[in-house]
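In what follows, a structure is listed as structure tokens, so that the remarks can point back to it.
Each chain gets a letter, A, B and so on, in the order the sequences are listed, and its residues count up from 1. All figures in this text were calculated on a predicted structure; none of them were measured in a lab.
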There are 2 protein chains.
Amino acid sequence: MANIHDVARVAGVSISTVSYALSGKRSIAASTKQRIDQAVLQLDYRANAGARMLKGARTQILALSAPLHAGTHAPAHMAFVLSVVTAARLYDYDVLLLTQDEATVGLRRVARSSLVDGIVLLDVSTADPRTDLVRELGLPATVIGIPNDTAGLTCVDLDFEQAAVLAVRRLVDLGHREIGLIGQAPLVYERGSNFPPRFRDAFLAEAARLGVTVAFTPAAEESAGVRAAVEHVTAALPGMTGLVLHCNEPVQSMVLDVLSQRGISVPNDLSVISACSSFSTDHLNPPLDVIPLPADQSCTRAIELTMAQFAGDAEPHVEYIEPTYVELGSTAPGPHR
Amino acid sequence: MANIHDVARVAGVSISTVSYALSGKRSIAASTKQRIDQAVLQLDYRANAGARMLKGARTQILALSAPLHAGTHAPAHMAFVLSVVTAARLYDYDVLLLTQDEATVGLRRVARSSLVDGIVLLDVSTADPRTDLVRELGLPATVIGIPNDTAGLTCVDLDFEQAAVLAVRRLVDLGHREIGLIGQAPLVYERGSNFPPRFRDAFLAEAARLGVTVAFTPAAEESAGVRAAVEHVTAALPGMTGLVLHCNEPVQSMVLDVLSQRGISVPNDLSVISACSSFSTDHLNPPLDVIPLPADQSCTRAIELTMAQFAGDAEPHVEYIEPTYVELGSTAPGPHR
DNA sequence: TCGTGCCGTCGAAACGTTTCGAAATGCGAT
DNA sequence: ATCGCATTTCGAAACGTTTCGACGGCACGA
């Protein structure tokens with residue numbers, strides 16, 4: 001493997017000249033730069049990562065702590081991982097993937113050995129040991145999701161509270177007064193995942209504020225669980241004309257199946273909204289109005305915030321991404337319009 | 001951050017003693033080792049990754065080239081990624097994740113800068129540019145999947161050919177003589193993914209060898225595509241009593257729905273086998289006999305093979321993982337039994 | 001003609017580790 | 001008492017880069 005000495009020799013200059021030519025940190029004569037560039041090309045030279053790490057401040061590697069929990073929708077999880085990796089590359093950063101138990105213990109390892117410049121945390125729970133670890137390590141870090149204690153942390157996430165408000169208002173504005181909410185699998189709430197209760201609580205609060213009747217139920221992921229969930233909300237709200245789904249795609253699809261089997265027509269009999277779905281609802285039947293959960297936006301912003309910490313101009317803070325409402329025809333005026 | 005000099009000072013020895021004590025490459029007096037261990041603990045010392053990379057041969061990092069293609073089932077993809085990461089950790093290796101276009105260009109970058117010791121390739125196509133790149137780079141590498149040209153490569157994968165044979169024989173042994181095969185989405189075949197045609201061709205060949213009638217069709221992932229696929233095989237084989245599904249979970253589930261809607265009972269009217277599914281078929285209705293695609297086995301073996309290349313005792317070769325057949329009651333004797 | 005300052009380049013130190021060769025020590029055998 | 005050997009420890013070089021300080025040459029103004 002060619003090193004900087006080889007390049008210097010071929011270009012007929014000293015290694016420091018090569019280094020400056022490549023980093024651009026000092027001015028170099030155009031003719032010299034050209035010779036160096038050519039030597040680099042000829043030798044297919046790339047600076048040794050270890051040496052750069054050792055000497056320079058930067059490793060150009062980020063740790064991505066991404067445990068995949070039971071109940072987490074794998075495609076959505078994947079979308080976040082891919083978005084982080086893609087966004088990091090825009091700043092010439094590579095991503096070291098830490099999963100499962102390594103998401104915590106590996107984080108300490110790679111941070112203490114100065115393998116990474118910064119950290120991105122995915123899928124934090126309300127009280128996540130990784131947040132304390134991040135505080136302890138003192139490395140630039142960004143959390144995607146909002147844990148209970150955000151002190152000293154930089155966090156970014158969709159504004160799930162605002163998303164819930166958006167969903168409730170939409171249905172209320174259309175004249176619906178009895179609204180159901182089908183949530184994630186029960187174990188997702190039990191495990192302490194951060195966003196499901198954020199959505200649920202804001203949903204219930206906004207409904208109460210507007211004086212509409214609501215029923216919430218989680219939905220286990222198998223078809224029996226989905227069936228039970230639909231039964232639960234319809235039993236609790238016999239006059240239900242609006243339904244919000246804060247659950248993953250397969251469950252959404254199953255809910256629509258169950259509704260269709262029961263002869264309930266969307267949106268004629270029931271207005272349905274998909275809340276915080278990572279993917280398009282186009283393929284659902286019918287396509288659902290959706291408040292998207294934009295993985296790429298969250299992740300891009302997370303990387304930006306991490307880079308800002310490198311630059312030193314960033315205080316720890318929590319940043320919310322504004323939700324949007326996409327109409328696809330699954331809502332219609334209700335009885336109180 | 002504490003370095004080896006700090007540890008040496010605290011333990012009252014020289015840095016080389018510390019290094020040898022930690023690596024175990026020379027014998028160290030028990031009492032000295034104990035003092036060093038204590039100093040390490042006290043300072044929470046971890047060897048600087050950059051320095052170790054620079055000096056030592058090893059970076060303890062593997063590149064995982066894992067492009068996620070359209071039509072690839074994200075949960076299955078995720079399962080492979082997780083398995084690779086987990087297996088790598090058993091050998092004290094971390095994993096740098098390269099996705100999408102970075103799966104190719106990033107591979108060159110990280111390899112040329114000596115950031116990684118080895119490479120694992122996921123989801124190779126029949127003629128994949130990454131295989132040439134790997135040959136060029138000359139780093140230890142293992143391919144999960146079998147490209148057309150395996151010269152000079154170390155490859156490992158489920159023996160899809162044998163899996164197809166297993167499926168055909170099972171049905172034939174049970175007395176079925178007209179057998180359908182529903183495959184992956186059409187674009188998966190068009191793109192040149194390596195395993196779908198491997199399975200299909202071996203399936204057709206074994207069926208021909210045994211003199212049974214078969215019909216194959218790919219299945220697009222939406223419900224219309226699945227419906228069309230089922231129609232296609234039933235139309236082609238009016239007397240079909242056996243069906244093999246080489247497609248992802250959602251499609252399998254949809255196929256079963258369509259069959260049930262058509263009043264076709266499994267296994268009474270039709271024996272169904274799920275081929276090369278990464279996940280349990282327990283939640284399907286009914287659970288399907290399955291020839292599992294064991295992500296963890298392939299990935300564990302891939303890592304072992306990569307480590308063997310580090311050790312120098314490994315010739316490039318192709319290794320197949322023996323498929324197994326799991327009975328779950330979705331097959332029954334056919335008319336020719 | 002002689003300073004003065006800028007531009008382009010160079011030499012050398014430093015980063016933290018691993019590892020080679022050798023020194024120091026203790027011990028038994030001669 | 002001396003030698004040789006084994007055990008334990010140490011000093012120093014080397015890995016490839018970045019970066020600081022410095023130096024030579026040149027143009028400019030005095």
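Between His73(B) and Phe279(B), the ring planes are perpendicular. Angles over 60° get that label, and only those under 30° would be called parallel.
A salt bridge does not link Arg35(B) to Asp37(B): none of the charged side-chain nitrogens sits closer than 4.0 Å to a carboxylate oxygen.
Looking at which nucleotide of DNA chain C each of Thr17(A) and Arg26(B) is closest to, the 5′-most match is held by Thr17(A). Along DNA chain C, the nucleotide closest to Ser27(A) and the one closest to Ile15(A) are compared, and the more 5′ of them pairs with Ser27(A). DNA chain D is contacted by both Ala30(B) and Lys55(B); Ala30(B) maps to the nucleotide lying nearer its 5′ end (nearest heavy atom per residue).
Between the CD1 atom of Ile28(A) and the P atom of dC6(C) there is a distance of 18 Å, rounded to whole Å.
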Test side-chain contact (heavy atoms from CB on, under 4.5 Å) applied to Thr306(A) and Leu62(A), step by step: CA-CA 9 Å; Thr306(A) 310; Leu62(A) 294 181; 4.2 Å; yes
Check against salt bridge (Lys or Arg N to Asp or Glu O under 4.0 Å), Arg89(A) and Asp101(B): CA-CA 11 Å; Arg89(A) 282 305 305 150; Asp101(B) 36 325; over 6 Å; no
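A cation-pi arrangement is absent between Arg198(A) and Phe160(A), since the terminal nitrogen or guanidinium carbon is not both under 6.0 Å from the aromatic centre and inside a 45° cone about the axis.
Within the 4.5 Å cutoff, side-chain heavy atoms of Asp157(A) are placed close to those of Asn194(A).
A 4.0 Å heavy-atom criterion places the boundary nucleotides of DNA chain D facing chain B at dT8(D) to dG16(D), written 5' to 3'.
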